[in-house]
Amino acid sequence: MKLATWNVNSLNVRLGHVLDWLQANPVDALCLQELKLPDDKFPHEVLRAAGYHACWAGQKTYNGVAILSKTPPLDIQRNIPGYEDEQQRIIAATLTGPDGKPVRVVSAYCPNGQAVGSDKYAYKLDWFQALRGWLDEEIVRHPDLAILGDYNVAPADEDVHDPEAWAGGILVSDPERQAFRDLLELGFRDTFRLFDQPPRTFSWWDYRRLGFRRNAGLRIDHILATQDLAARCRECTVDKTPRGWEKPSDHAPVVATFHTA
DNA sequence: ATGGCGTACACCGTACGA
């Protein structure tokens, strides 16, 4: 079973890339972030024609998340239960694995935080705390649970192209990294780090200053899996290919492959 | 030290991302 995540930075602009990528990478589920479109503009018909069911939580201009899946999404949950938030950053659904076992999948667009110490930074940390509280319950209900998305946190210096330049800043500050570790401590693994990986593997590169060409990036898009699910993970990779296409998203897809029982 | 680029909304510039 293959699960993937991709911050597309506008599904309107990137629909062609999504379809092309799915054609070449027919994953079982693809979590999307930053749709930047309202619910009624979600292109569910063209995705269905491409072989994918979908559930989504859209919003005009900003945010917005979706799960595209080969099997119909069940028990769809929008937002973090009990956490009042107009920003559409979470959607969850239960999918059916090739072996018939249910797998709970969450598509997450964690807040950016803008600048350490800002209001948006405080919101980011508060949001992570709410996410942790919810996942602490969700992990009990769903032994096979994966949280895929743009975490807007580079967990370690090896996930940063220039750790000295970024030290203490947004996306790498200690409280943000602690919030990420707090999620792991619930019983999740960062599937990317289950394996030997090429050094300087990133998932986002700044549009500015030719970030991609210089590989000046960060690894901020992650696939977290419960211990049970992680034990069946065979591979986790970043696909830089679409980052080289014309008018790319600034993020690349991350894909995790799971062995079925 | 700043802004670089890209997207959305809608103004002809601003907000935001990371």
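Proteins get letters first, then strands, A, B, ... in listed order; numbering begins at 1 in each.
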5' priority, DNA chain B, between A:Arg209 and A:Cys110 [closest heavy atom]: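 Result: A:Arg209.
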By nearest nucleotide on DNA chain B, pick out whichever of A:Pro38 and A:Asp250 is the more 5' one.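 The residue whose closest nucleotide sits nearer the 5' end is A:Pro38.
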Side-chain N or O of [X] less than 4.0 angstrom from OP1 or OP2 on [N]?
{"X": "A:Asn7", "N": "B:dA18", "answer": "yes"}
{"X": "A:Ser10", "N": "B:dA8", "answer": "yes"}
{"X": "A:His251", "N": "B:dG17", "answer": "no"}
{"X": "A:Gln114", "N": "B:dG17", "answer": "yes"}

Please work out if A:Tyr109 contacts a base, only the sugar-phosphate, or nothing of the nucleic acid, heavy-atom cut-off 4.0 Å.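 Since only primed, P, OP1 and OP2 atoms lie under 4.0 Å of A:Tyr109, the category is sugar-phosphate.
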Let's go through A:Asp239 and A:Thr241 carefully: what are the C-alpha distance in whole Å and the side-chain angles of both, what is the deciding distance for side chain to side chain donor-acceptor pair (under 3.5 Å) to 0.1 Å, and is it a yes or a no? CA-CA 5 Å; A:Asp239 183 2; A:Thr241 310; 2.6 Å; yes
Check: A:His161 ring centre within less than 6.0 Å of A:Trp205 ring centre: no
Spacing between [X] atom [atom1] and [N] atom [atom2], to the nearest angstrom:
{"X": "A:Lys247", "N": "B:dA8", "atom1": "NZ", "atom2": "P", "result": "8 Å"}
{"X": "A:Arg243", "N": "B:dA18", "atom1": "CZ", "atom2": "P", "result": "13 Å"}
{"X": "A:Arg208", "N": "B:dT2", "atom1": "CZ", "atom2": "P", "result": "13 Å"}
{"X": "A:Lys36", "N": "B:dC16", "atom1": "NZ", "atom2": "P", "result": "12 Å"}
{"X": "A:Arg213", "N": "B:dG4", "atom1": "CZ", "atom2": "P", "result": "18 Å"}
{"X": "A:Lys120", "N": "B:dC16", "atom1": "NZ", "atom2": "C1'", "result": "7 Å"}
{"X": "A:Asn63", "N": "B:dA8", "atom1": "CG", "atom2": "C1'", "result": "12 Å"}
{"X": "A:Leu37", "N": "B:dT7", "atom1": "CG", "atom2": "P", "result": "14 Å"}

Test item: A:Lys124 and A:Val116 side chains (from C-beta on) under 4.5 Å apart, heavy atoms: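 Sidechains of A:Val116 and A:Lys124: no contact.
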State, with a plain yes or no, whether a side-chain heavy atom of A:Phe192 is found less than 4.5 Å away from one of A:Ser203. no
Check every atom of [options] against the side chain of [X] and return the nucleotide holding the closest atom.
{"X": "A:Thr61", "options": "B:dA8, B:dC16, B:dA18", "answer": "B:dA8"}
{"X": "A:Val13", "options": "B:dC9, B:dT7, B:dA18", "answer": "B:dT7"}
{"X": "A:Tyr62", "options": "B:dG17, B:dA8, B:dA15", "answer": "B:dA15"}
{"X": "A:Ile220", "options": "B:dA18, B:dA8, B:dG17", "answer": "B:dA18"}

Salt bridge present between A:Asp159 and A:Arg193 (N-O < 4.0 angstrom):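 Yes.
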